[in-house]
Protein chains: 2
Amino acid sequence: MAKQPPTVGSSTFERIKRDIIFGTLAPGSKLKLDDLKKRYSASVSTLRETLNRLASDGFVAAQEQRGFFVTPVSKDDLREIASLRVLLERHALRLSIANGDTEWEGNVVAAHHKLHRMEVLMQAGDETEKETWKRYDWEFHLSLIRACNSQNLLSLHSKIYDKYLRYQMLVFTFRGEAAAAEHQGMLDAALARDPDTATKFLEDHINNGLTHTLEAM
Amino acid sequence: MAKQPPTVGSSTFERIKRDIIFGTLAPGSKLKLDDLKKRYSASVSTLRETLNRLASDGFVAAQEQRGFFVTPVSKDDLREIASLRVLLERHALRLSIANGDTEWEGNVVAAHHKLHRMEVLMQAGDETEKETWKRYDWEFHLSLIRACNSQNLLSLHSKIYDKYLRYQMLVFTFRGEAAAAEHQGMLDAALARDPDTATKFLEDHINNGLTHTLEAM
DNA sequence: TAAGTAAAAAATATATGATATTATTGATTT
DNA sequence: AAATCAATAATATCATATATTTTTTACTTA
């Protein structure tokens, strides 16, 4: 029962999305089909499908008759994204804390453990694992809200998270101890089933990250 | 300076989306490329681009190697959608009431006027204008939150609104006087710059609609 | 008969080439 | 420098072709 190999379409989608999030494809740059064809070794049909999907997700801007561009960035857009992330993730966290069972707690603890290990490493100056660290960050935040009991909410949140992530990657700098403390605060409050404290830590966490990123832009 | 004719792609997108929202394409049904080709007179490539976009928006479910389906409906999904609409629209309404200028007020009043005219008509038993009525409903709700000052929020909201709309169309019945009163309440509170009352009316409005639809399902 | 399996048919995923339309560029003129 | 127009490039769309995968049908065997 091996997982079937991903189709050209879905793997191209992931690759382009990743390249946009991690800045390999610069904000605002033109996405010429001919270039992409070489770069991702896929046909025009496949690429157009992919770009249309990414456009719907907001990573690509499609201009009728003029083709596709990497969605540009701006401070205002970042502020909007951060604010939406707060709105969605706070809400999901509250629901999750109210609904989560022991299984959920276990997953949260596990996710935090992995993230924390990585944070210690990064604070020691090791920056080789940026991507792993970001993945663990995502997994921790996701684990916290996973018991919110709304697929639609989780799906919306993950889209916003990815957009937020792009801005973080754009000006990459590690917030270190502060961010780690906020994560710890969220963990403790979640396990203590204290939604007010947990959401307070979350809100600070996102807003501090926002300030940090805005300053670096 | 005439608006340029829409491309085959975008008009196909709108048509299929509309057919899903208004139930012409039944929930869960298979979307065979060959059939769609005839029905919308577009090529497979164009259709696949369209379906991929709709999949990203959640109106179509794409199953790898097995093609596309109209996203199924369920009571739980509807509850999630309604809850998200409350979350997003409440938030946007608060921001909008805080930011809106006189221009905004004018647009809100105008949108409500048109909606109200239609509501009177519907209460008199005329059901021929369902689609116009629904458009005016959308325009009124949009006008209220338009001053929220966040493109991202508006865009998220419009996607959720459309999903909610599909459920309403699915079991179409007019809530009549009650809904009209809630609209009036929102209008008055918005003009009075009373966010608490306005969001209360909004929340009731959506939740009553939800109950109404759930009962009819 | 039920269950399983192999062959056939249908549908999808992907690629390519062709055409019409639209944008962009560069040269030319005013 | 601005405006114009031809030449070039790029996109949007479609029709076809092929490989793969699903689904259906027919057939076999327990």
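Numbers restart at 1 for each chain; the letters A, B, ... are given by sequence-line order, proteins then strands. The figures that follow rest on heavy atoms only: side chains count, while hydrogens, waters and symmetry mates do not. Just so we're clear, the structure is a prediction, and the values are computed from it rather than from any experiment.
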Query raised in the report: Are the side chains of B:Arg39 and B:Lys32 in touch, meaning some heavy atoms are under 4.5 Å apart?
Result: no

Would you call [X] and [Y] a salt bridge, taking side-chain N to carboxylate O under 4.0 Å as the test?
{"X": "A:Lys134", "Y": "A:Asp137", "answer": "yes"}
{"X": "A:Arg53", "Y": "B:Glu49", "answer": "no"}
{"X": "B:Asp76", "Y": "B:Arg79", "answer": "yes"}
{"X": "A:Asp162", "Y": "A:Lys17", "answer": "yes"}
{"X": "A:Arg85", "Y": "A:Glu203", "answer": "no"}
{"X": "B:Glu131", "Y": "B:Arg18", "answer": "yes"}

Restricting to nitrogen or oxygen on both sides, can you table the protein-nucleotides 7-11 of chain D pairs closer than 3.5 Å?
{"unit_1": "D:dT11", "atom_1": "OP1", "unit_2": "A:Lys30", "atom_2": "NZ", "d": "3.3"}

**Report entry** A:Leu47 CG - C:dT16 P separation (whole Å)
**Finding:** 11 Å

Report task. Could you state the atom-to-atom distance from CD of A:Glu49 to P of C:dA15 in whole Å? Result -> 10 Å

Query - Base C:dA13 paired with A:Thr7 side chain (donor-acceptor, <3.5 Å) - result: no

**Report entry** Rounded (10°) bend between the five-pair end axes of the helix from C:dT1-D:dA30 to C:dT30-D:dA1
**Finding:**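 It comes to 20° between the two terminal axes.
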
Report task. Apply the ring-ring contact (aromatic ring centres under 6.0 Å, His included) test between B:His183 and each candidate in B:His112, B:His141, B:His113; give the one that qualifies. Result -> B:His141

Query raised in the report: Reckon B:Thr46 touches a base, only the sugar-phosphate, or nothing at all at heavy-atom distances under 4.0 Å?
Result: sugar-phosphate

Query raised in the report: With nearest nucleotides of DNA chain C determined for A:Val8 and A:Phe69 from heavy-atom distances, which residue corresponds to the more 5′ nucleotide?
Result: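 Result of the comparison: A:Val8.
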
